[in-house]
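Labels below follow one simple rule: chain letters A, B, ... track the order of the sequence lines, proteins then strands, and each chain is numbered from 1.
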There are 2 protein chains.
Amino acid sequence: MKDDNERYKYEQLALDLRRLIEAGTYHPGDRLPSLRAMSQQERVSMSTVMQAYYLLEAEGWIEAQSQSGFYVCDMLPRKLPEPEISNPAPDPTEVSVWDLTMMIMRDYADSDLMRLGIAAPNPAMTAAPRLNRLSASIGRKLEAENSRYKLLAGCDDLRIQIAQHAVRSGCHLSPADILITSGCQEAVSLSLRAVCGPGDIVAVESPCNFDILQCLEVLGLHALEIPMHPRDGISLDALRAAIGQQPVRACVAISNFSNPVGSCMPDENKQALVELLAERDIPLIEIDIFGEIYFGEQRPLVAKAFDRKGLVLLCSSFSKTLWPGGAVGWVVPGQFKTQVERLKYTSNIATPLVPQHALAEFMALGKYDPHLRRIRREYARCMTSLTQAVGRHFPPGIRLTRPEGGFLLWIQLPAPTDALSVYRHARESGIAIAPGSIFSVGGLYRDFIRLNAANWTPEMEGAVRRLGEIIAEEVGG
Amino acid sequence: MKDDNERYKYEQLALDLRRLIEAGTYHPGDRLPSLRAMSQQERVSMSTVMQAYYLLEAEGWIEAQSQSGFYVCDMLPRKLPEPEISNPAPDPTEVSVWDLTMMIMRDYADSDLMRLGIAAPNPAMTAAPRLNRLSASIGRKLEAENSRYKLLAGCDDLRIQIAQHAVRSGCHLSPADILITSGCQEAVSLSLRAVCGPGDIVAVESPCNFDILQCLEVLGLHALEIPMHPRDGISLDALRAAIGQQPVRACVAISNFSNPVGSCMPDENKQALVELLAERDIPLIEIDIFGEIYFGEQRPLVAKAFDRKGLVLLCSSFSKTLWPGGAVGWVVPGQFKTQVERLKYTSNIATPLVPQHALAEFMALGKYDPHLRRIRREYARCMTSLTQAVGRHFPPGIRLTRPEGGFLLWIQLPAPTDALSVYRHARESGIAIAPGSIFSVGGLYRDFIRLNAANWTPEMEGAVRRLGEIIAEEVGG
């Protein structure tokens, strides 16, 4: 426990210093305050300062010069340029990305590949072992009763925990507002089915997570790709123009740490988004699976917090934070509650109870917050390390995002690099990545790749170097 | 083990004798062979014969007359008349049975009610405790890897076991033919979505399981109710006439021990059904969740066994036999494999892996067959006991089915009894039943109820007596 506290302190200090460097408070070449000065200034021990400095050095932010102290490095992580605002075609498009998606899924099942592809969390940063043990003991307790899994809306204890936790994202929910689903994808799929029918137009972020694009395609919906800013997310001006011109039936957005871009809509943009859509009674399907993995001071709010008309269907799950294998998600369907319930019941009756009870117990034991604090620190470090490795090994001319949460990096390669060709060569070298074209229905992002930082270890440096070589060959060729 | 063998012997003997009585080999009033004679004739011990006789006596088939031996009773179970062939309207109907369905579901969650309502198995006749223990140890083993749940089609080991087991129902499947789903309802829902679109007409059995009716309603499909025989299932003549007159897009049938009727299509009918539909390329969605719970000598085949064109989508699950809480089912989608896979992926990515591994291990350990043998005997006994109790306590004029498998009884009350009123009064007396109107979209079966025999204990005699009183009051009133 003492170690944990100490670690928390120096990691926090390192985080603060990283911010100051990024903000330009300390410039490349500047000397950081001495150990003693920093210790007095921050009211921490010299040992804490030393550990923070070592951490920043290991991450490549600062370097020690013998007898003289620590200096901010010249080549900083995250200082590479960001991608520009995306520019999709202004017409809705029929979707067809199934084969690419299945290719990426197969990579994921191949354990010999270095996993920079699919957006799964690091298994070591889930609570799966603990939740499996809880499931075992709950399974024993429920033995006589566990055929009674047919509680349509889900287990009350878990819905209470989710409602309590939702306060921090700005939502005041009753447990009855929440329907437990088999993961977030089911929440999104049920929501789309509740508010749209075949042929309808749905506004989506561009680039857009391919599971959403798949879902639109299967439901016979047309995707209208809306430009997005690499840090602020979906462009409200573009969306306003789009809904003025097209009969948009719904909008889907990952408000916090989008996939693949990693953008986080400022809270005022979320409010504006909700109000803009509410003017025309257009439902917003909001996805918030990464919202808890923020690197900053405060949990970003959800758009649902500004929902006055019950038009926002908030979808989330524990798959990125706690337990991918449990496949427990939820939807807060607002005014579409009855439709979503009926769709859930007819789809698979109800979500199994044992994993729900395990999660409820885990949260009731107060284990969720410490777990989140740990993974926020870890993923922040993973992102920094991967960003830095990309900066070191990728050829000049790349652009990359600077997400303040989640674990995904979105990288634009120097034109006219074919990311699908990079994907294929990387695969031959034992590295799985996600090619950009999978994130668009309009054939965009052929020069982008998405990397997953979640499984970062120093050994992955070699994989990033190899990726850099492959990209350099593509650029040259 | 010795006890088990002995029990198996006398139960088998009792079963054989029950058949002989039902077949009329022994008539009411006949004296059964003496213990010694039967022992020699059947090559079993006198003690086995005695236990078989006591069992039959307890079940009301025979009675002892002092010093004189055992005689076949006058009032036999199962000798009540069967319902007639159903006679639904010949037009497709829009579906609306949601509120009734939710009422029945709420009853199920109320543990104070005597559970004769929903078609759930007896928890004591599942393998849930064992499967929960297996899950716990598998969860530990998969710990590092259990985020890798995204195997779309399901775990190979389980698909191999299902394919091996399917041989007995007449199917030669490769594991790749099978897609694991979150229960049978999901298999049916995905199948319907794969082969139909809103507005299409689907031929269903009449009466029809309300989960199927719900699913049709939510998908905007029209149910065309086809008459069925209480023992032989869907009427082929009626179906032939219907598809000649209406543009039927698919047919849904529970081929073995249907719900609620308990009918089992003769295997030659299954073949004729498949051929009839194949002439017009109409897909058959076949449900076989009760097929393993047969009381006779042989597992009835599935219609899929006669499928030459890949038009049959076979749907099943382990929920009735092994593990309702695991919610693991499967579909063999034939020529619709790609559509079903895409629908599954976009609905919830994949079914969680741990329960699948637990089931695969359970089956690989050879535990499935002994379990099935045990529950077949137990459910046969439950059905006999409930049938007999109904015969003793319900007023004259009722008709009831004689299912050769499963655990559901379908009972026609003397006209013009309102089963919904019986349902309400039964509920006030702490007894949950399923009113017949829930099994039709055309307002049929208002004088029917469905009872679940699975949880039969001698203490339920009182509940059946109370039900009989309620029905008698309704008939009188």
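- Using a 4.5 Å cut-off between heavy atoms, A:Leu190 does not touch chain B at all.
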Test side-chain contact (heavy atoms from CB on, under 4.5 Å) applied to B:Ile138 and A:Asn132, step by step: CA-CA 9 Å; B:Ile138 287 159; A:Asn132 277 316; over 6 Å; no
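- With contacts defined as side-chain heavy-atom distances shorter than 4.5 Å, the pair B:Val218/A:Gln339 does not qualify.
- When every heavy atom of A:Gly325 is checked against every heavy atom of B:Pro352, the shortest pair comes out as O-CB, 3.7 Å.
- Within the 4.5 angstrom heavy-atom criterion, only side-chain atoms of A:Thr101, from C-beta onward, approach chain B.
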Does B:Arg193 form a side-chain contact (heavy atoms from CB on, under 4.5 Å) with A:Leu219? I'd like the steps, not just the answer. CA-CA 10 Å; B:Arg193 292 174 64 198; A:Leu219 296 174; 3.3 Å; yes
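- In this structure A:Asp157 satisfies the salt bridge (charged side-chain N to carboxylate O under 4.0 Å, His left out) test with no other residue, sequence neighbours excluded.
- The distance from atom CG of B:Asn348 to atom SG of A:Cys184, rounded to the nearest 0.5 Å, is 12.0 Å.
- A:Glu341 is linked by a salt bridge (charged side-chain N to carboxylate O under 4.0 Å, His left out) to nothing, counting only residues two or more places apart in sequence or in another chain.
- Considering only heavy-atom pairs separated by less than 4.5 Å from chain B, the leading option among A:Pro355, A:Ser347, A:Ser189, A:Ser182 is A:Ser347.
- Counting heavy atoms from C-beta on, the side chains of B:Arg342 and A:Met102 never come closer than 4.5 Å.
- Residue A:Arg106: no heavy atom, backbone or side chain, is found under 4.5 Å from chain B.
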Walk me through it: do A:Asp211 and B:Thr346 pass the test side-chain contact (heavy atoms from CB on, under 4.5 Å)? CA-CA 7 Å; A:Asp211 290 340; B:Thr346 55; over 6 Å; no
